[in-house]
Amino acid sequence: MPNLIQAAREQVAQLTQSAYEKAAGEGLFPAGQEIKGTVEVPKDSRNGDFASSFAMAGAKALHMAPRQIAQIILDHLELDGTLFQRAEIAGPGFLNFFYAPRWYGEVLGAVEAEPDTYGACGEGAGKKVMVEFVSANPTGPMHMGNARGGVLGDTLANVLSRAGWDTWKEFYVNDAGNQIHKFATSIHARYMQIILGEDGFPFPEDGYRGDDIKELAQAFFEANGDAYQDAPEDKWLDDMSRFGLERNIPKMKDDLRKYGIEYDEWFFESTLHDSGYVAETVSLLTEKGWTYEKEGALWLNTTDLLKEKYIREGKTREQADKLDLKDDVLRRANGFYTYFAADIAYHRNKFEKRGFDKVINVWGADHHGHVARLQAALDGLGLDGSNRLVIVLMQLVNLLQDGKPVRMSKRTGKAIALHDLLDEISVDAARYYFNNRASTSPLDFDLDLAVRQDSDNPVYYVQYAHARICSLIARMGEAGAEVCPAGLVDACALAQPEELSLVKTLAQYPEEIRLAARDYDPSRINRYLTTLAGDFHRFYNACRCMVDDPCLQAARLKLADCTRLVLANGLGLLGVTAPNKM
């Protein structure tokens, strides 16, 4: 799939190099010089579409003033048949290049050729990448942080797929360990209170106190009566945790499905323990000399692993020795493996057993301290975790209504749940808003703005541009004006600044996908779509499509239709609908 901006950038470099070689062949320049000039897009379009610094970069090697070099290069440029119409000298010696109509026509043709996959690139080269996201504890409803992580991970996976990666979406179900024990004891306490009264059985201090636990306990009581009143602990722990998980996990799947998220796999932590994979992974770390025993527990020498990691990344041994590092327990004195041990095993499974080239986890910012430790542990296993494991850390969400923070859910008394949020606003608004800022930035989510039907609402603004184009094409179709194939459209007819700017923005889309994948920042797609919608609205207001000149009318209608296709394409990456009417 062509990236026509990148192709033009590369052609500028080729043209200036060819002009230099031609002039050197005539004795005007010293031959054989390697000149590394930059090719950039000027901030002001009046200075051309690209500006080359070749002349300034070559001043020392060529023993000439930059403007003199630029003039000789300009005199030897051969632009016939290229993507450029003309070039000129500016400032201290910049060479400014201006697109030819051919380039604008090629952009429209590229959009038309494969509208659903326009923007695709081969950066991923078919390598396998897993994006693991949400992975919320299945002990209660998903909340606002999960809502942001869900759309961030899902959209990032879509972007990576478009950028040429073989992408896999996964949810890691923490169905083992301390949180599940706490989950079961919480259900058990509420179950016993149903039988004995609230004052008749103590609720654990660190238990889960939401109404959802009471609902599970009531359902368990209705199914079993008081049969578990005197049951042994291991019996009710197993049965109540299983009962709760069998109800909570389907609810999570339903909520995420409503949110437009489908996973390739729900991977259960318990399978790692049951298969012996956690124990095997810890044994491998021991074989490699990275563990030691203390006070009956088995410890990972995280300190030395991290020092080795930081030295590889450029720190000196002295700097690494000064860091305040600590080791981690892998197996407690009671024989139980820690969550960290299971996490190492899970990631070993991703790389070693399932063969992913890269793994991306979307985590809350509160997990920051865990990132380097996990990478270092994987380094210790020889899996190159420092390079192959990428953690996208996500900042908090502030939910606002009437200008004030919304902190509590009326139904659960806890942080507002995802299903409560989707009762208030559309899935489109939720998905667009939660991806509207880079993960590194806190996000203010204004409920009032999310439901407004005007241009202040960013998702409405973008969707309205798509609907407006659909309406325009329908009206013109009724008048007998059909959208022509790009090959029959004369791009020379597009001469107004608003027209040319809109085509350039269409051409930018492949680069936005490439950069969004490279930087693990799918919010670039939101910003791009807002820019594209704005450029279309300006074009629509400045340039009438229904005109007497059939050539101009065909070109403008084609430009509008190509914009429609790219808007739908980008909204599709975000999991947001592209309505025909609004």
Would you compute the distance between atom [atom1] of [X] and atom [atom2] of [Y] and round it to the nearest 0.5 angstrom?
| X | Y | atom1 | atom2 | answer |
| --- | --- | --- | --- | --- |
| H76 | L28 | NE2 | CG | 5.0 Å |
| L383 | F351 | CG | CZ | 7.0 Å |
| L443 | L396 | CG | CG | 10.0 Å |
| I513 | Y118 | CD1 | OH | 8.5 Å |
| E132 | I360 | CD | CD1 | 11.5 Å |
| L529 | L574 | CG | CG | 5.5 Å |

Are any of the side-chain nitrogens in E511 or R9 under 4.0 Å away from the carboxylate oxygens of its partner?
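Judged by the 4.0 Å cut-off on N to carboxylate O distance, E511 and R9 do not form a salt bridge.
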Strictly below 4.0 Å, N to O, side chains only: are R524 and E512 in salt-bridge contact?
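So R524 pairs with E512 through a salt bridge.
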Report yes or no: does [X] contribute a side-chain atom to a donor-acceptor pair with the main-chain N or O of [Y] at less than 3.5 Å?
| X | Y | value |
| --- | --- | --- |
| Q11 | L83 | yes |
| S53 | M56 | no |
| R162 | G119 | no |
| N457 | L449 | yes |
| N580 | C470 | no |
| N361 | I391 | no |
| Y460 | A429 | no |
| N398 | P442 | no |
| T577 | P579 | no |
| S52 | F54 | yes |

Non-hydrogen atoms of [X] and [Y] that approach each other most closely:
| X | Y | answer |
| --- | --- | --- |
| V131 | G153 | CG1-O, 3.7 Å |
| A495 | L500 | O-CD1, 3.9 Å |
| C551 | A493 | SG-CB, 4.0 Å |
| S455 | Y461 | CB-CD1, 3.6 Å |
| G385 | L378 | CA-CB, 3.8 Å |

For the pair C121 and N3, evaluate side-chain contact (heavy atoms from CB on, under 4.5 Å) and give the outcome as yes or no after the intermediate values.
CA-CA 8 Å; C121 65; N3 182 332; over 6 Å; no
Checking R452 now: which residues fulfil salt bridge (charged side-chain N to carboxylate O under 4.0 Å, His left out) with it, not counting sequence neighbours?
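Partners of R452 under the salt bridge (charged side-chain N to carboxylate O under 4.0 Å, His left out) test: D454, D456.
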Tell me whether the guanidinium CZ or amine NZ of K315 lies under 6.0 angstrom from the six-membered ring centre of Y310 and within 45° of its axis.
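Ring-cation test returns yes.
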Cation-aromatic face contact K169/Y263, 6.0 Å, 45 degrees
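The answer is no, since K169 fails at least one limit relative to Y263.
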[Y] and [X], any side-chain heavy atoms less than 4.5 Å apart:
| X | Y | result |
| --- | --- | --- |
| R312 | S386 | yes |
| P30 | L62 | yes |
| N349 | R354 | yes |
| P522 | L152 | yes |
| W103 | V503 | yes |
| E78 | K22 | yes |
| N436 | P458 | yes |
| H347 | D343 | yes |

If you count heavy atoms of other groups shown closer than 6.0 angstrom to NZ of K127, is the number above 12?
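12 or below, so no.
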Taking CD in E34 as the centre, count heavy atoms belonging to other residues, nucleotides or ligands within less than 6.0 Å. Is the count above 12?
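Not more than 12 within 6.0 Å, no.
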How would you list, by chain and number, every residue that makes a side chain to side chain donor-acceptor pair (under 3.5 Å) with T167, sequence neighbours excluded?
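Counting only residues at least two positions away or on another chain, T167 forms no side chain to side chain donor-acceptor pair (under 3.5 Å).
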Not counting sequence neighbours, list each pair that qualifies as a side-chain hydrogen bond (donor to acceptor under 3.5 Å, both in side chains) and has a residue in residues 93-102.
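Every side-chain hydrogen bond (donor to acceptor under 3.5 Å, both in side chains) pair that includes a residue of residues 93-102, provided the two are not neighbours, is R102-E106.
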For the rings on F50 and F97, is their centre-to-centre separation under 6.0 Å?
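They do not qualify: ring centres at least 6.0 Å apart.
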Should D535 and R538 be marked as a salt bridge (Lys or Arg N to Asp or Glu O under 4.0 Å) after you check the CA-CA gap, both sets of side-chain angles, and the distance that decides it?
CA-CA 5 Å; D535 285 349; R538 283 184 286 276; 2.7 Å; yes
Quick one, Q395 with R148, criterion side-chain contact (heavy atoms from CB on, under 4.5 Å). Give me CA distance, side-chain angles, the key distance, then yes/no.
CA-CA 9 Å; Q395 294 295 326; R148 186 178 193 188; 4.0 Å; yes
Between [X] and [Y], a side-chain donor and acceptor under 3.5 Å:
| X | Y | answer |
| --- | --- | --- |
| T531 | R527 | no |
| Y432 | S426 | no |
| D75 | Q71 | yes |

Return the set of residues passing ring-ring contact (aromatic ring centres under 6.0 Å, His included) with H367 (not counting sequence neighbours), or none when no residue passes.
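With sequence neighbours excluded, H367 shows a ring-ring contact (aromatic ring centres under 6.0 Å, His included) to W363, given in chain and number order.
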Can you list the residues that meet the ring-ring contact (aromatic ring centres under 6.0 Å, His included) rule with Y528, with sequence neighbours excluded?
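Scan of Y528 (ring-ring contact (aromatic ring centres under 6.0 Å, His included), adjacent residues dropped) gives Y509.
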Parallel, tilted or perpendicular: which describes the rings of F434 and Y259, with under 30° parallel and over 60° perpendicular?
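If you compare the ring of F434 with that of Y259, the planes turn out perpendicular.
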Please output the side-chain donor-acceptor pairs of residues 555-565 that fall under 3.5 Å, not counting sequence neighbours, one pair per line with the distance.
unit_1 : atom_1 : unit_2 : atom_2 : d
R556   : NE     : E499   : OE2    : 2.5
R556   : NH1    : R544   : O      : 2.8
R556   : NH2    : E499   : OE2    : 3.1
K558   : NZ     : E112   : OE2    : 2.6
K558   : NZ     : C484   : O      : 3.2
D561   : OD1    : R564   : NE     : 2.8
D561   : OD1    : R564   : NH2    : 2.8
T563   : OG1    : L559   : O      : 2.9

